[in-house]
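Both backbone and side-chain heavy atoms feed into the values below; hydrogens, waters and symmetry mates do not. Sequential numbering from 1 along the given sequence is applied to the chain's residues.
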Amino acid sequence: MVSLKTAKSGIAFPSDLTLLKQVFDRVRVEEGIPVGSEQAERLSVIAMELFSDGEFDEAALYERLRLYARL
């Protein structure tokens with residue numbers, strides 16, 4: 001798991017972006033979402049929104065993003 005050093009200001013540090021990309025890529029592949037598709041774009045926006053809302057835990061991000069991918 002990536003160690004996060006997230007500022008309360010909502011700034012995403014490189015380690016945060018690495019975690020978000022890893023979770024996004026994992027969900028995208030598992031759900032069969034094509035790279036560059038509209039669904040992939042929507043999923044990436046949701047990942048950033050979850051982060052902005054204070055979700056920094058890898059497992060929680062994964063579970064929540066996976067649920068959104070299935071909508």
Side-chain angles (χ1 to χ4, degrees):
M1 184 168 158
V2 177
S3 175
L4 300 180
K5 296 177 182 165
T6 306
K8 293 185 188 278
S9 66
I11 295 171
F13 289 95
S15 60
D16 299 325
L17 296 175
T18 298
L19 173 68
L20 286 169
K21 179 156 177 25
Q22 288 172 347
V23 172
F24 167 81
D25 286 342
R26 180 178 169 197
V27 170
R28 188 192 56 73
V29 168
E30 289 177 0
E31 297 299 324
I33 300 170
V35 172
S37 68
E38 196 172 303
Q39 190 178 8
E41 183 178 335
R42 183 174 59 93
L43 194 64
S44 69
V45 169
I46 291 168
M48 287 303 295
E49 287 174 352
L50 289 171
F51 173 81
S52 294
D53 288 343
E55 188 60 76
F56 309 126
D57 179 72
E58 182 176 358
L61 276 169
Y62 169 76
E63 289 301 325
R64 292 184 68 189
L65 200 57
R66 196 175 71 158
L67 288 174
Y68 281 108
R70 294 178 178 183
L71 294 178

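Using a 4.5 Å cut-off between side-chain heavy atoms of Ile, Leu, Val, Met, Phe, Trp and Tyr, with links allowed through other members, V35 and L17 fall into different hydrophobic clusters. Hydrophobic clustering keeps F24 apart from V45 (ILVMFWY residues linked when any side-chain heavy atoms are closer than 4.5 Å, directly or through intermediates).
Partners of E30 according to the salt bridge (Lys or Arg N to Asp or Glu O under 4.0 Å) rule, which considers only residues two or more places apart in sequence or in another chain, are R26. With sequence neighbours excluded, the residues forming a salt bridge (Lys or Arg N to Asp or Glu O under 4.0 Å) with R64 are E55, listed by chain and number. Listed by chain and number, the residues in a side-chain contact (heavy atoms from CB on, under 4.5 Å) with E41 amount to none (sequence neighbours excluded). Scanning for side-chain contact (heavy atoms from CB on, under 4.5 Å) contacts around E63 gives R66, with sequence neighbours left out. Applying the side-chain contact (heavy atoms from CB on, under 4.5 Å) rule to S37 yields the partners I33, P34, Q39, A40; only residues at least two apart in sequence or on another chain are considered.
Residue pairs meeting the salt bridge (Lys or Arg N to Asp or Glu O under 4.0 Å) criterion with at least one member in residues 31-40, sequence neighbours excluded, are E31-R70.
Considering NZ of K21 and CZ of R28, their distance stands at 7.5 Å, rounded to 0.5 Å. Between atom CG of residue L65 and atom CZ of residue F51 there is a gap of 14.0 Å, rounded to the nearest 0.5 Å.
When every heavy atom of A47 is checked against every heavy atom of L20, the shortest pair comes out as O-CD2, 3.7 Å. Closest of all the heavy-atom pairs between I46 and Y68 is CG2-CD1, 3.5 Å.
Remark: the backbone N or O of L50 is not paired with any side-chain donor or acceptor of D53 at under 3.5 angstrom.
Taking a 6.0 Å sphere around OH of Y62, one finds it holds more than 12 heavy atoms contributed by other residues, nucleotides or ligands.
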